[in-house]
Enquirer: 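My structure is below; once you've seen it, I'll send some questions.
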Amino acid sequence: CNLQPKDAAKMPESAWKLLFYTLSWSYGIYLLFFTDYPFFYDPPSVFYDWKKGMDVPTDIAIAYLMQCSFYGHSIYATAYMDTWRKDSVVMLLHHVVTLTLIAFSYAFRLCWGQLWWVSRFSQDPHGPLNPPCSLCPGRFWFRLYWFPLKVLYATCYSSLQSVPNIPFYFFFNALLLVLTLMNIYWFLYIVLFVAKVLMGQMQEVNDVREYDVEDSKKT
């Protein structure tokens, strides 16, 4: 593909994430819109008739296994395999928080994850189509609108209405709020990118999270 060496080094990372996010997001869409689960249009229904030890449907269990596997690998990959960027520490924290949420929500049968998976449509900030495609409305719509409107509303408010003594309420919601802060953090990178383009400080499309050549040598 006549890629520059620095781009060729990042190609496997980008290709893998493109493949995974395409498959996982498609499966999330299938669960939300092509099954009888009402979670998208009625987020509080995630908590209806909840009880300890309740059975988890096979199709949802498969989604949990797929996501747990990916984020378990991502913790290792971010630390030792992927290109190190200015926000890699935040990304590492993101993966740890996400894996914790997925594992504990499955263990306690608080399977609200279907709502959250759709927000992955916008790709993670180290995904294959960023930063230019981070500017698409989908990223803002899914991460900064739907995520708070559907996921946080269901977990912070509706959960207490359906299950007054729901276990680990503050634990789960604190982690979800941490993810929200990370979404805002990466949104600021997008704002910085746009500002540099508009002010003519960027002659070509570069990821503002990448280290400069001199910074890379120091790193």
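Please read all numbers here as calculations on a predicted model, not as lab measurements.
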Enquirer: I want to check something: taking the side chain as every heavy atom from C-beta on, are F20 and S24 in contact at a cut-off of under 4.5 Å?
Expert: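 The answer is yes, as the side chains (C-beta and beyond) meet within the 4.5 Å cut-off.
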Enquirer: Would L176 and F147 count as a side chain to side chain contact (heavy atoms under 4.5 Å, CB included) if you check the C-alpha gap in whole Å, the side-chain angles of each, and the deciding distance to 0.1 Å?
Expert: CA-CA 10 Å; L176 287 170; F147 184 78; 4.1 Å; yes
Enquirer: Exactly one of I102, T98, L101 should register a side-chain contact (heavy atoms from CB on, under 4.5 Å) with Q67. Which one does?
Expert: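 It is I102, the one option of I102, T98, L101 that forms the side-chain contact (heavy atoms from CB on, under 4.5 Å) with Q67.
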Enquirer: Can you name the ring pair (Phe, Tyr, Trp, His ring centres under 6.0 Å) partners of Y157, sequence neighbours left out?
Expert: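 With neighbours one apart ignored, the set is Y153.
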Enquirer: Mind listing the closest non-hydrogen atom pair of T83 and S88 along with its distance?
Expert: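 Where T83 meets S88 most closely, the heavy atoms are O-OG, 3.9 Å.
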Enquirer: Any side-chain heavy atom of L179 within less than 4.5 Å of one from L175?
Expert: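 Result no, sub-4.5 Å side-chain heavy-atom pair not found.
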Enquirer: Heavy atoms only: give me the nearest I75-L92 pair and the separation to one decimal.
Expert: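 Scanning both residues completely, I find the closest heavy atoms to be O-CD1, 3.4 Å.
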Enquirer: Is R143 close enough and on-axis enough to Y145, meaning under 6.0 Å and within 45°, for cation-pi?
Expert: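 No - R143 does not lie over the ring of Y145 by the 6.0 Å and 45° rule.
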Enquirer: For residues Y21 and F70, establish whether the separation of their ring centroids is below 6.0 Å.
Expert: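 Close enough - the centres of the two rings lie under 6.0 Å apart.
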Enquirer: Check the orientation of W146 and F40. Use parallel for under 30°, tilted for 30 to 60°, and perpendicular for over 60°.
Expert: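 Aromatic pair W146/F40 classed perpendicular.
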Enquirer: Report the C-alpha distance between M91 and W186 in whole Å, list the side-chain angles of each, state the deciding distance to 0.1 Å, and finish with yes or no for side chain to side chain contact (heavy atoms under 4.5 Å, CB included).
Expert: CA-CA 10 Å; M91 178 57 67; W186 281 307; 3.6 Å; yes
Enquirer: Report the C-alpha distance between L93 and M182 in whole Å, list the side-chain angles of each, state the deciding distance to 0.1 Å, and finish with yes or no for side chain to side chain contact (heavy atoms under 4.5 Å, CB included).
Expert: CA-CA 9 Å; L93 176 62; M182 291 180 184; 3.3 Å; yes
Enquirer: Decide yes or no for F172 and S105: does some side-chain heavy atom of the first lie under 4.5 Å from some side-chain heavy atom of the second?
Expert: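 F172 vs S105: side chains touch.
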Enquirer: Applying side-chain contact (heavy atoms from CB on, under 4.5 Å), name anything that partners S69, two or more places apart in sequence or on another chain.
Expert: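 Scan of S69 (side-chain contact (heavy atoms from CB on, under 4.5 Å), adjacent residues dropped) gives L65.
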Enquirer: Give me the atom names and distance for the closest heavy-atom approach of K150 to P43.
Expert: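 Nearest heavy atoms, K150 then P43: O-CB, 3.7 Å.
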Enquirer: Considering all heavy atoms of both residues, which atom of I29 and which atom of F34 are nearest to each other, and what is their separation?
Expert: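 Minimum heavy-atom separation between I29 and F34: O-CD1, 3.7 Å.
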Enquirer: So, taking the atom named CZ in F108 and the one named CE in M54, what distance separates them when rounded to the nearest 0.5 Å?
Expert: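 So the gap between those two atoms works out to 14.5 Å.
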Enquirer: Restricting to non-hydrogen atoms, name the atom on F171 and the atom on T100 that form the minimum distance, rounded to 0.1 Å.
Expert: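 That would be CZ-CG2, 3.7 Å.
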Enquirer: Does the side chain of H73 reach to within under 4.5 Å of the side chain of W16, using non-hydrogen atoms?
Expert: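 A side-chain contact exists here, since the closest heavy-atom pair is under 4.5 Å.
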Enquirer: In Å, rounded to the nearest 0.5 Å, how long is the span from CZ of F104 to CG of L99?
Expert: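 Output value for this atom pair is 10.0 Å.
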Enquirer: Identify the two heavy atoms, one from P38 and one from S45, that lie closest to each other, and give their separation to 0.1 Å.
Expert: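 For P38 versus S45, the nearest heavy atoms are CG-OG, 3.4 Å.
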Enquirer: Sequence neighbours left out, what passes side-chain contact (heavy atoms from CB on, under 4.5 Å) with Y169? Give chain and number order.
Expert: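 Checked Y169 against side-chain contact (heavy atoms from CB on, under 4.5 Å); matches are C156, S159, L160, I166, N173.
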Enquirer: For Y185, check side-chain hydrogen bond (donor to acceptor under 3.5 Å, both in side chains) against everything at least two apart and list the hits.
Expert: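 Partners of Y185 under the side-chain hydrogen bond (donor to acceptor under 3.5 Å, both in side chains) test: Y189.
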Enquirer: Y80: what forms a ring pair (Phe, Tyr, Trp, His ring centres under 6.0 Å) with it, not counting sequence neighbours?
Expert: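 By the ring pair (Phe, Tyr, Trp, His ring centres under 6.0 Å) rule, Y80 matches Y76.
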Enquirer: Do F47 and T155 have side chains that get closer than 4.5 Å, going by heavy atoms?
Expert: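 Counting from C-beta outward, F47 and T155 do come under 4.5 Å.
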Enquirer: side-chain contact (heavy atoms from CB on, under 4.5 Å) with L177: which residues, sequence neighbours excluded?
Expert: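 For L177, the residues satisfying side-chain contact (heavy atoms from CB on, under 4.5 Å) (neighbours in sequence not counted) are L152.
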Enquirer: If two hydrophobic side chains count as joined below 4.5 Å and joins carry through other members, does M81 share a cluster with V96?
Expert: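 Per the 4.5 Å side-chain linkage, M81 and V96 are not co-clustered.
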Enquirer: Applying side chain to side chain donor-acceptor pair (under 3.5 Å) as the test, list every pair that has at least one member in residues 51-63; sequence neighbours left out.
Expert: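 Pairs touching residues 51-63 that pass the test: Y37-D59.
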Enquirer: Would you say Q161 has more than 12 foreign heavy atoms packed within less than 6.0 Å of its CD?
Expert: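 Result for CD/Q161: enclosed.
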Enquirer: Could you tell me which residues satisfy side-chain contact (heavy atoms from CB on, under 4.5 Å) with A174, sequence neighbours excluded, listed by chain and number?
Expert: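 Testing A174 for side-chain contact (heavy atoms from CB on, under 4.5 Å), a comparison that skips the adjacent residues, returns none.
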Enquirer: Taking side chain as C-beta onward, heavy atoms only, is D42 less than 4.5 Å from Y48?
Expert: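 Yes. Closest side-chain heavy atoms under 4.5 Å.
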Enquirer: Can you tell me how far apart CZ (R85) and OG1 (T78) are? Round to the nearest 0.5 Å.
Expert: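 If I round to the nearest 0.5 Å, the distance is 9.0 Å.
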